[in-house]
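The block underneath contains the structure these notes are about, expressed in structure tokens.
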Amino acid sequence: MPKTRPTSKRVPARGPARRPGRVRVRLDLPDARGRFGAYGGCFAPETLMPAVGALAEAYLKARKDRAFQGALARELGSFAGRPTPISFCANLTRECGGARIFLKREDLLHTGAHKINNALGQALLAMRMGKRRIIAETGAGQHGVAVATACAHFGLDAVVYMGEEDVRRQALNVQRMRWLGAQVVPVGSGTRTLKDAINEAIRDWISRPDDTFYLLGSATGFHPYPLMVRDFQAVIGREARAQFRRSEGRLPDAVVACVNGGSNAIGMFHAFLDDPGVALIGVEAAGDGVDSPRTAATMALGRPGVFHGAYSYVLQDDAGQVLGTHSISAGLDYPGVGPEHSYLRDLGRVEYVSATDAEAVEAFGRLCRREGILPALESSHALAHALRLAPRLKPSQAVLVCLSGRGDKDMASVDAFRAGKGGADGAA
Amino acid sequence: MGRLETAFAALKAAGRKAYIGYAMAGFPERGLDLDFARAVLAESDVLELGVPFSDPIADGPVLQRCAERALAAGGGLDRAMELAAALRKESDKPLVLMSYLNPLLAGGLDTFAHRARVTGVDAVVVPDLPPEEDGLLAALRRAGLDVALLAAPTSTPERLDRIARAASGFVYVVSVAGVTGEREGFDGRLEATVRRLRARARVPLAIGFGVSGPEAARRAAGLADGVVVASTVLKAALGESDPARAVAAARERCALLAAAVRGA
């Protein structure tokens, strides 16, 4: 239940002291009402409630259906390119002089990011429900490309909503989506970024709930999306845990992933929630810094509220209006976070930290030059924290980073940032 | 009897339908928003007072633009309360506050509900608060507020029954599967929706969303006990660059629509 008591103003809410490894996490959540403890739920307009309910029912059936899971596993193997490897970063490890650094290589998937895992899963579900018109939102464009790809692959129609600001700064992905046959609809309302693209996708779904499937890309939104997206992304952590154990004979000491809505992070973390010895760390985008107004650090600065259909931490002002954000990364500037992350944060099972634009760009450059891997700016935030963390750990320890995507799409943003034009906002 | 119940009972006795007008806190600008609300209230039987929100997922382009403008002008829940307080001093007509859930949660839902009741607000409409959230509904009702739940053409019979049971004040019947804004016609399922609700609800029914002009208002009034009109009136106001003219344009449009509702 959302609290009905006033929360303190200005002072951001804080979770309890971190006690990684000593907390009991419930793995059977969400409950029947879509709740992860206090968080989550289904706060949808009535027009959508029947469609959302039908989706939950269809997904809960598909979840237990071997034929569905088998079909998805085949697509992930033959089309998306799973399993992805784990790479050891010998040069960065040497340079940091501490724990060994490993990467789970979701950047090697077809379309270049983890988003395809979920897009294929939901597209299969859409077909099972007899819906052939697929709508989606996208920020950086990676989810939009994944949806356009899945729809081309299965012969479905795709409409992708994208903020005008993101259309400008992620032009390459817009071209890719159009080549793949998707209709890209620029959204000019509000902040013209991801949150407004989601607003527009929800409005589309409200207008055509009967024939349309909303393929949401993050672990956010009304129940069952946080559950469904987590399930479809959990393959990342399941694979990584087994691969790491096979090659290293043990589990990593820390697992690090970037968090915004939090789909790659929840997918990476889920297999490790019950491993008390594995510290789990989510890295948000601090933008210019958490003490500056140009930031997107929802966990650091937000308070719980209802946004896009779920109760979770939200970056908002005292009056409950959702705030605009800034990050160099178009995939990390959503002012909310998935409800399961809010639950794990309050529980203290996952620690949430942040990295600035400058730290992410530095990590981006180091991974390119030292390891020959071009990371997405989103993933570069996770990497930036791993590079801070590794020197503080022993050489016998290991840090595993989810490299959620590749960075071809980000080169203009990085160049602009380095040229001192103020980052992605100046990249036009 | 509360103001809403009294108002609907009096209208029924007179054989008339309720015209429910709409004004938004902060629109067309701070200060003139009170004039705007006053003008609409003068033509209405009930006033719906809108709280602008940064992410209005159930609203079409007109109300989105109004909300952006209202927020830039300092509109929000606090301003809506100021308007409600001022209007309550001048009028005994029912005031219904329409807001997305988050602004109501921000300062604590109990605090909001108490404050609204003391200010003279009679009911709330919250488009993203479904009947399943009984704990939150109870918190609003405890303070003495009616909660007018929304029903939609897509609602299943089971959901309509639940909405009919749980609604207080009135049931807000959405006339189209879609967001707010003018439409050519109503959803084909509207009449069946109204019939089912009528058989089960103890409170009046008001039709809203998509009422585009006098003809649509007359049709809606023929089906229900009241008609809510927002977008077409705000659009008339948006068309005026001079804010004072905007208020006059809104009032003219309201008068036309109210006459259609009352003539039905």
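We use all heavy atoms of the structure for the numbers below, so side chains are in, but hydrogens, waters and symmetry mates are not.
Within residues 185-206 of chain B, the residues having any heavy atom under 4.5 Å from a heavy atom of chain A are, by residue number, B:Arg189. Contacts from residues 147-163 of chain B to chain A, taken as heavy-atom pairs separated by less than 4.5 Å, involve B:Leu150, B:Ala151, B:Ala152, B:Thr154, B:Ser155, B:Thr156, B:Arg159, B:Ile163 in sequence order.
Taking the charged nitrogens against the carboxylate oxygens, B:Arg79 and B:Asp33 do have a contact shorter than 4.0 Å, which makes a salt bridge. For A:Asp166 and A:Arg192, the salt-bridge test fails: no basic side-chain N is under 4.0 Å from an acidic carboxylate O.
Looking at A:Thr191 and A:Thr193, their side chains do bring a donor and an acceptor atom within 3.5 Å of each other. No hydrogens or angles considered: nothing links the side chains of A:Tyr225 and A:His308 as a donor-acceptor pair under 3.5 Å. Between B:Gln64 and B:Arg69, the side chains place no donor N or O within less than 3.5 Å of an acceptor N or O (distance only, hydrogens not considered). Side chains of A:Gln316 and B:Asn102: a donor-acceptor N/O pair is present below 3.5 angstrom, by distance only.
The part of B:Val174 that comes within reach of chain A is its side chain, from C-beta onward, which places non-hydrogen atoms under 4.5 angstrom from that chain. Heavy-atom distances place no part of A:Asp204 under 4.5 Å from chain B, backbone and side chain included. Both the backbone and the side chain of A:Pro45 come within contact range of chain B, judged by heavy atoms closer than 4.5 Å.
Looking only at distances, no side-chain donor or acceptor of A:Arg132 sits under 3.5 Å from a matching main-chain atom of A:Phe213.
Here A:Tyr311 and A:Tyr39 bring their ring centres to under 6.0 angstrom of each other. Aromatic pair A:Phe307/A:Phe43: centroids not less than 6.0 angstrom apart.
Between chain A and the options B:Pro56, B:Pro61, B:Pro52, the largest number of non-hydrogen pairs under 4.5 Å is found for B:Pro56.
Shown here is B:Lys235, whose NZ atom has no more than 12 heavy atoms of other residues, nucleotides or ligands within 6.0 Å.
B:Arg115 approaches B:Asp78 most closely through the heavy-atom pair NH2-OD1, 2.9 Å.
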